[in-house]
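What follows is one structure encoded as structure tokens, with my remarks underneath.
Nothing here was measured: the structure is a model prediction, and the numbers come from that model.
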Amino acid sequence: PFPVPSGCVTAIVEDSSRRVWVRTSNVLWRYDPTSGDWTQFTPPEPPDPPPLGQWRYAAADIVLDPSDDPWVTFLICGAASCDTFVVYHVRDAAWIQAIDDPRCYYPILVLDEDNVGWVLCWDGPVHRITAGALEPVPGETVPGLHSGIVHAAGRLWFMAWHKGRETLWIFDTRALVQ
């Protein structure tokens with residue numbers, strides 16, 4: 001039984017211990033099928049809420065790192081739009097802010113096997129997370145990015161629009177880092 005009587009599930013992922021992480025509105029939940037327990041993780045207030053206090057967290061994603069710790073992306077929305085985002089790394093129930101960068105709209109976070117974070121932005125740039133900031137990858141701009149994964153061999157696969165069609169793009173992340 002899910003402890004939330006209503007709301008919208010915006011992300012769900014299973015870790016290697018078979019625990020299920022669920023994101024509803026602005027709360028992260030973890031279900032342990034062995035015990036049947038649900039644990040709630042409430043995020044902090046956004047770092048820079050819009051003026052007049054009229055902000056909300058919008059639907060975003062959960063990505064698990066190699067230690068099964070979640071990285072949670074939140075879009076921060078004002079009254080009219082979602083113009084910034086923040087990524088938190090949740091470790092031992094603590095929310096550690098990993099990124100807060102307004103230059104990327106509708107970000108997609110992926111982590112490679114070395115726990116290096118990559119952010120794909122809807123408006124085209126591919127970024128590497130370096131010291132809590134986004135570092136653009138030179139020459140790697142593809143508009144209309146909307147989903148992505150990192151393969152174990154270090155290849156970043158993502159879908160984007162290209163000349164009016166859905167297109168599969170592949171970058172070698174190891175070559176991008178060197």
Side-chain angles (χ1 to χ4, degrees), residues 1-49 55-77 82-122 126-135 145-159 173 177:
F2 190 53
V4 178
S6 66
C8 182
V9 172
T10 59
I12 187 167
V13 66
E14 182 180 31
D15 66 23
S16 64
S17 298
R18 300 187 51 96
R19 297 175 303 184
V20 178
W21 296 85
V22 179
R23 179 150 184 299
T24 61
S25 301
N26 65 345
V27 177
L28 179 66
W29 294 88
R30 183 183 64 210
Y31 175 67
D32 185 338
T34 304
S35 66
D37 293 335
W38 286 92
T39 304
Q40 179 179 345
F41 300 86
T42 302
E45 297 288 311
D48 295 311
W55 65 271
R56 63 184 168 82
Y57 280 132
D61 204 8
I62 304 168
V63 176
L64 299 177
D65 66 18
S67 300
D68 282 336
D69 289 331
W71 292 66
V72 184
T73 304
F74 290 97
L75 298 175
I76 301 174
C77 305
C82 302
D83 59 2
T84 190
F85 76 102
V86 62
V87 175
Y88 292 103
H89 180 195
V90 182
R91 173 169 275 173
D92 299 325
W95 291 77
I96 303 159
Q97 185 176 327
I99 303 172
D100 173 20
D101 194 316
R103 297 174 298 158
C104 179
Y105 294 99
Y106 300 102
I108 300 163
L109 172 69
V110 293
L111 300 169
D112 65 23
E113 72 278 0
D114 296 324
N115 213 23
V116 174
W118 299 88
V119 175
L120 310 173
C121 302
W122 170 257
V126 175
H127 295 86
R128 180 176 178 226
I129 300 172
T130 306
L134 296 182
E135 175 187 329
L145 294 166
H146 59 82
S147 61
I149 62 165
V150 175
H151 185 270
R155 285 187 293 280
L156 175 59
W157 296 66
F158 57 89
M159 294 298 295
T173 60
V177 173

At their closest point, which heavy atom of [X] faces which heavy atom of [Y], and how far apart are they?
| X | Y | result |
| --- | --- | --- |
| Trp71 | Ala98 | CZ3-CB, 3.5 Å |
| Leu111 | Gly117 | CD2-CA, 3.6 Å |
| Tyr88 | Gln97 | CD2-CA, 3.6 Å |
| Trp21 | Pro70 | CZ3-CG, 3.6 Å |
| Leu109 | Val63 | O-CG2, 3.2 Å |

### Message
Could you go through Leu134 and Ile129, starting from their C-alpha distance and side-chain angles, then the distance that decides it, and tell me whether this counts as side-chain contact (heavy atoms from CB on, under 4.5 Å)?
### Response
CA-CA 5 Å; Leu134 296 182; Ile129 300 172; 4.2 Å; yes
### Task
Please round to the nearest 0.5 Å and tell me the distance separating atom CH2 of Trp29 and atom OG1 of Thr42.
7.5 Å
### Arg30 CZ to Ile62 CD1 distance, which is reported to the nearest 0.5 Å
12.0 Å
### Message
Test of understanding: with side-chain contact (heavy atoms from CB on, under 4.5 Å), list the residues that count as partners of Ser17, not counting sequence neighbours.
### Response
Asp15, Arg19, Asp68
### Query
For Pro66, what residues pass the side-chain contact (heavy atoms from CB on, under 4.5 Å) criterion, not counting sequence neighbours?
Asn115
### Query
Do Val72 and Val90 pass the side-chain contact (heavy atoms from CB on, under 4.5 Å) test, and can you show the C-alpha distance, the side-chain angles, and the key distance before you say yes or no?
CA-CA 8 Å; Val72 184; Val90 182; 4.2 Å; yes
### Query
With no hydrogens and no angle check, is any side-chain donor or acceptor of Asp92 less than 3.5 Å from a backbone partner on Ala94?
no
